[in-house]
Novice: 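Before I ask anything, here is the structure I am working with.
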Number of protein chains: 4
Amino acid sequence: MKVLITGFDPFGGEKINPAYEAVKRLPDEIENSEIIKIEIPTVFKKSYQKLEENIKIHNPDIVICIGQAGGRFEITPERVAINIDDARIKDNEGNQPIDQKIFEDGDSAYFSTLPIKAMVKEIKLQNIPASISNTAGTFVCNHIMYSLLYLINKKYPNIKGGFIHVPFINEQIIDKRNTPYMNLNDIIIGLTSAVKAAIKYKDDIKTIGGKLH
Amino acid sequence: MKVLITGFDPFGGEKINPAYEAVKRLPDEIENSEIIKIEIPTVFKKSYQKLEENIKIHNPDIVICIGQAGGRFEITPERVAINIDDARIKDNEGNQPIDQKIFEDGDSAYFSTLPIKAMVKEIKLQNIPASISNTAGTFVCNHIMYSLLYLINKKYPNIKGGFIHVPFINEQIIDKRNTPYMNLNDIIIGLTSAVKAAIKYKDDIKTIGGKLH
Amino acid sequence: MKVLITGFDPFGGEKINPAYEAVKRLPDEIENSEIIKIEIPTVFKKSYQKLEENIKIHNPDIVICIGQAGGRFEITPERVAINIDDARIKDNEGNQPIDQKIFEDGDSAYFSTLPIKAMVKEIKLQNIPASISNTAGTFVCNHIMYSLLYLINKKYPNIKGGFIHVPFINEQIIDKRNTPYMNLNDIIIGLTSAVKAAIKYKDDIKTIGGKLH
Amino acid sequence: MKVLITGFDPFGGEKINPAYEAVKRLPDEIENSEIIKIEIPTVFKKSYQKLEENIKIHNPDIVICIGQAGGRFEITPERVAINIDDARIKDNEGNQPIDQKIFEDGDSAYFSTLPIKAMVKEIKLQNIPASISNTAGTFVCNHIMYSLLYLINKKYPNIKGGFIHVPFINEQIIDKRNTPYMNLNDIIIGLTSAVKAAIKYKDDIKTIGGKLH
């Protein structure tokens with residue numbers, strides 16, 4: 001199998017993005033599958049174009065996009081992406097869409113086709129905090145997740161795909177008080193476990209993992 | 001105009017539900033519109049049945065369902081409901097669906113048709129903290145919001161509808177340490193403002209209000 | 001009895017200080033005791049001078065100083081003040097002492113002589129969150145509490161005195177995300193209850209109220 | 001030089017105590033100084049007796065006690081210990097003193113004689129979050145810190161001593177939601193840096209590090 005993993009470049013005033021910092025340090029092979037790692041820009045539309053280019057080049061079986069969720073404590077596989085761009089800040093090229101559909105002909109939302117509960121389970125087995133998130137926000141992270149699942153739905157039905165958010169890492173919070181973060185090495189271990197689960201589980205496991213709100 | 005507002009009964013070990021505590025204390029008239037208030041059970045399916053019964057009886061122009069989001073600091077109009085029941089705890093009749101579709105023939109998600117950004121703006125004008133939430137969870141709150149919007153989509157196209165989460169109130173957190181809450185009176189003021197906005201604004205305002213994740 | 005209550009003026013970029021906002025709205029009489037309310041400057045030494053002036057003028061039986069603790073969820077009577085000024089930011093006249101003793105001839109710390117556990121109990125009976133704090137910080141709040149208790153210890157042994165921290169109020173956090181705050185009216189109710197307890201209880205009650213750290 | 005470092009055994013329902021987990025993994029030598037590591041019981045008085053026994057046996061130049069502060073994000077050298085035991089829960093032998101002095105003839109408080117600001121600086125240079133805390137609570141952590149400084153003050157004037165709190169580690173929070181923690185390896189790196197600073201700095205550095213409250 002072939003797994004394509006993307007990480008965003010830094011945005012929102014941060015000097016690094018823990019997503020790509022972790023992605024580029026992942027092993028080149030997990031569970032006998034080749035891991036292809038690319039950085040994508042934190043830019044509406046362009047991120048999607050770069051993603052599709054790489055899907056065409058590499059023809060992967062699985063695509064997992066990784067993004068930063070500053071303020072979260074856990075590694076959070078996302079359950080669903082929604083058909084809306086609503087940017088609280090400008091992206092890295094100055095775009096700030098407000099309440100716009102991502103694709104006019106897309107569904108209102110797409111669910112991740114990755115085994116998200118199996119991924120959470122595998123990550124936690126390594127003593128790394130994880131849970132399923134039910135919102136990827138309305139910025140470029142949701143945008144790329146939605147775009148990926150739209151592509152899968154419309155053109156690449158054999159690919160399994162989804163998105164995982166990771167917390168800040170140490171150097172990002174060293175001068176912020178009381179801010180959740182995760183050691184970069186823990187993120188790498190966690191993502192490796194998540195990829196393993198994505199490769200091993202054809203169907204997701206049926207286990208408790210919802211949220212009250 | 002006629003506005004139907006629902007609040008859930010207590011669940012998850014709580015003795016009260018701030019949603020219905022606030023709903024039952026709302027004025028009987030807001031912006032010259034009649035306000036009809038009902039309590040619905042925190043039970044999958046039954047909550048939806050009771051909701052539709054009341055829609056049939058009262059024939060409202062607007063339906064707003066209110067639920068408790070323990071742990072949130074703000075009043076949060078929800079943007080979207082997703083087609084999934086995934087219960088972390090049992091509902092009030094012991095049901096605990098895991099990863100089940102709410103309606104087989106429903107869309108993957110429905111967006112609120114209320115003017116959610118105008119609602120946030122009106123609430124904040126009263127110095128009550130508010131923001132848009134992009135997840136109503138996967139328990140009965142998301143269930144009722146999804147069901148309401150499904151009903152509107154399939155059978156009641158003239159109704160505008162959506163969901164608002166409210167924080168814990170004082171008596172719920174008095175013996176929990178460092179837990180966000182909101183004074184009940186502030187919730188009532190906030191919901192009244194939200195209803196006002198729902199009545200006054202035919203279309204939502206275009207303003208920043210998204211979230212990064 | 002006569003009770004002197006002080007509240008600080010705004011500092012640290014805030015436009016108001018919830019301490020004095022609440023203090024000036026307290027009743028003029030509580031439990032048949034006269035309540036004298038004064039504003040003091042958020043300035044090292046000057047706050048202390050203004051406090052002693054008012055002690056001389058009013059000859060109170062009880063002195064309670066009130067300050068803002070942005071980030072706390074509860075009303076927190078302070079247990080102890082320590083003999084150190086260590087300012088993270090400049091005070092309102094530009095002073096920023098680092099690791100300096102407040103009084104060379106003072107004890108390393110003074111404990112509040114108010115019935116702090118009875119105060120917490122009375123506040124919570126009103127459904128207002130409260131707990132004992134074991135640190136008043138190292139800025140002007142600790143400075144005035146230490147100075148008050150030093151004065152009591154050296155010159156006014158018949159006065160009972162101490163300090164209470166209060167959270168931000170609504171207007172301070174309306175544009176900050178996920179920040180604890182308390183409704184001003186709740187603060188007023190809470191402080192009134194605390195003053196009642198200070199008047200009624202000659203000795204503190206013996207009840208659980210410590211912290212692990 | 002010789003450095004004696006203590007860590008508590010587990011308490012409060014936890015299966016491990018990150019304090020001793022980290023202490024026992026510290027290097028045997030730091031900056032050419034011998035590091036002696038002992039576990040002490042989370043028990044009032046007994047912890048102090050075991051501490052003094054070890055001071056007599058090892059005759060250290062520096063004593064640093066380490067304890068768990070569940071809920072904190074950072075490694076926190078403590079500034080001060082206060083003369084009070086006020087237990088929120090029972091200690092490991094069932095003792096639960098309420099508002100009792102630790103030593104009748106002790107000062108109201110003792111300040112750490114370690115270079116706490118230099119320690120924070122050295123820890124943060126390793127990208128490990130740290131800050132000075134102004135309260136060690138009123139349970140066994142404050143008890144042992146106070147007892148240590150009392151001993152130094154009364155009988156061992158040549159010893160420098162103090163206390164450091166460390167966060168939960170991964171396995172303690174894996175089934176708690178949104179709870180701060182620190183990777184054990186980061187704690188070990190942080191404590192090693194703190195010990196280095198304690199050995200290298202005869203006097204503390206003069207730098208900003210106070211708290212508003």
Side-chain angles (χ1 to χ4, degrees), chain C residues 11-12 42 67-72 76 78-91 96-101 106-111 116-117 131-143 145-146 149 153 163 165-167 203-213, chain D residues 11-12 42 67-72 76 78-91 96-101 106-111 116-117 131-143 145-146 149 153 163 165-167 203-213:
Chain C
F11 69 93
T42 303
Q68 161 190 301
R72 290 197 189 162
T76 44
E78 295 290 346
R79 187 192 294 267
V80 65
I82 56 177
N83 192 4
I84 202 147
D85 287 335
D86 190 18
R88 190 170 70 73
I89 59 172
K90 289 191 163 87
D91 73 11
Q96 190 168 18
I98 304 285
D99 290 337
Q100 293 176 8
K101 280 196 175 183
D107 286 359
S108 54
Y110 291 109
F111 287 90
I116 53 175
K117 289 191 171 173
S131 75
I132 288 167
S133 164
N134 299 301
T135 175
T138 57
F139 192 55
V140 184
C141 289
N142 175 73
H143 178 88
M145 179 177 174
Y146 184 88
L149 293 166
N153 189 268
F163 190 96
H165 265 120
V166 298
D203 298 304
D204 202 359
I205 57 176
K206 189 150 180 158
T207 185
I208 291 172
K211 281 183 183 164
L212 296 185
H213 56 77
Chain D
F11 69 94
T42 303
Q68 161 191 302
R72 289 196 190 164
T76 44
E78 295 290 345
R79 187 193 293 266
V80 65
I82 57 177
N83 192 5
I84 202 146
D85 286 335
D86 190 18
R88 189 169 71 73
I89 58 173
K90 289 190 163 87
D91 73 13
Q96 190 168 17
I98 303 286
D99 290 336
Q100 294 176 7
K101 278 195 177 185
D107 287 359
S108 53
Y110 292 110
F111 287 90
I116 52 175
K117 289 191 170 173
S131 74
I132 288 166
S133 163
N134 299 301
T135 175
T138 57
F139 193 54
V140 184
C141 289
N142 175 72
H143 178 87
M145 180 177 174
Y146 184 88
L149 293 165
N153 189 267
F163 190 95
H165 265 119
V166 298
D203 299 305
D204 202 359
I205 56 176
K206 190 153 181 157
T207 185
I208 290 172
K211 281 183 184 163
L212 295 185
H213 56 78

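Hydrogens, waters and symmetry mates are skipped; everything else that's a heavy atom, side chains included, is used. A note on names: the letters A, B, ... follow the listed sequences, proteins ahead of strands, and every chain is numbered from 1.
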Novice: Salt bridge check, C:Lys117 against D:Asp86: does any charged N sit closer than 4.0 Å to a carboxylate O?
Specialist: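 Looking at D:Asp86 and C:Lys117, the cut-off is met.
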Novice: Within the side chain of C:Gln96, is there an N or O that forms a donor-acceptor pair under 3.5 Å with the backbone of C:Arg88?
Specialist: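 Confirmed, C:Gln96 side chain pairs with C:Arg88 backbone.
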Novice: Regarding C:His165 and C:Gln68, do their side chains bring together a donor and an acceptor under 3.5 Å, going by distance alone?
Specialist: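 C:Gln68 and C:His165 do not have a side-chain donor-acceptor pair below 3.5 Å.
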Novice: Looking at C:Ile98, C:Asn83, C:Ile82, C:Asp204, which makes the most heavy-atom pairs under 4.5 Å with chain D?
Specialist: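 Among C:Ile98, C:Asn83, C:Ile82, C:Asp204, the one with the most close pairs to chain D is C:Ile98.
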Novice: Between D:Ile84, D:Asp107, D:Thr76, D:Val80, who has the most heavy-atom pairs with chain C when the cutoff is under 4.5 Å?
Specialist: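 Most pairs with chain C among the choices: D:Ile84.
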Novice: Any ion pair linking D:Asp99 and C:Arg79 (charged N to carboxylate O, less than 4.0 Å)?
Specialist: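 Salt bridge between C:Arg79 and D:Asp99, a charged N being under 4.0 Å from a carboxylate O: yes.
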Novice: Heavy-atom distances under 4.5 Å only: say whether D:Asn134 touches chain C with side chain, backbone, both or neither.
Specialist: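 Both backbone and side chain.
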Novice: Pick one of side chain, backbone, both or neither for D:Ala136, based on which atoms fall under 4.5 Å of a heavy atom in chain C.
Specialist: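 Backbone only.
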Novice: Between D:Gly71, D:Gly70, D:Ala87, D:Cys141, which has the largest tally of heavy atom pairs under 4.5 Å with chain C?
Specialist: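 Winner by heavy-atom pair count: D:Gly70.
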Novice: Among side-chain atoms of C:Ser133 and C:Lys211, is any donor-acceptor pair under 3.5 angstrom?
Specialist: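 Not at all, the side chains of C:Ser133 and C:Lys211 share no donor-acceptor pair under 3.5 Å.
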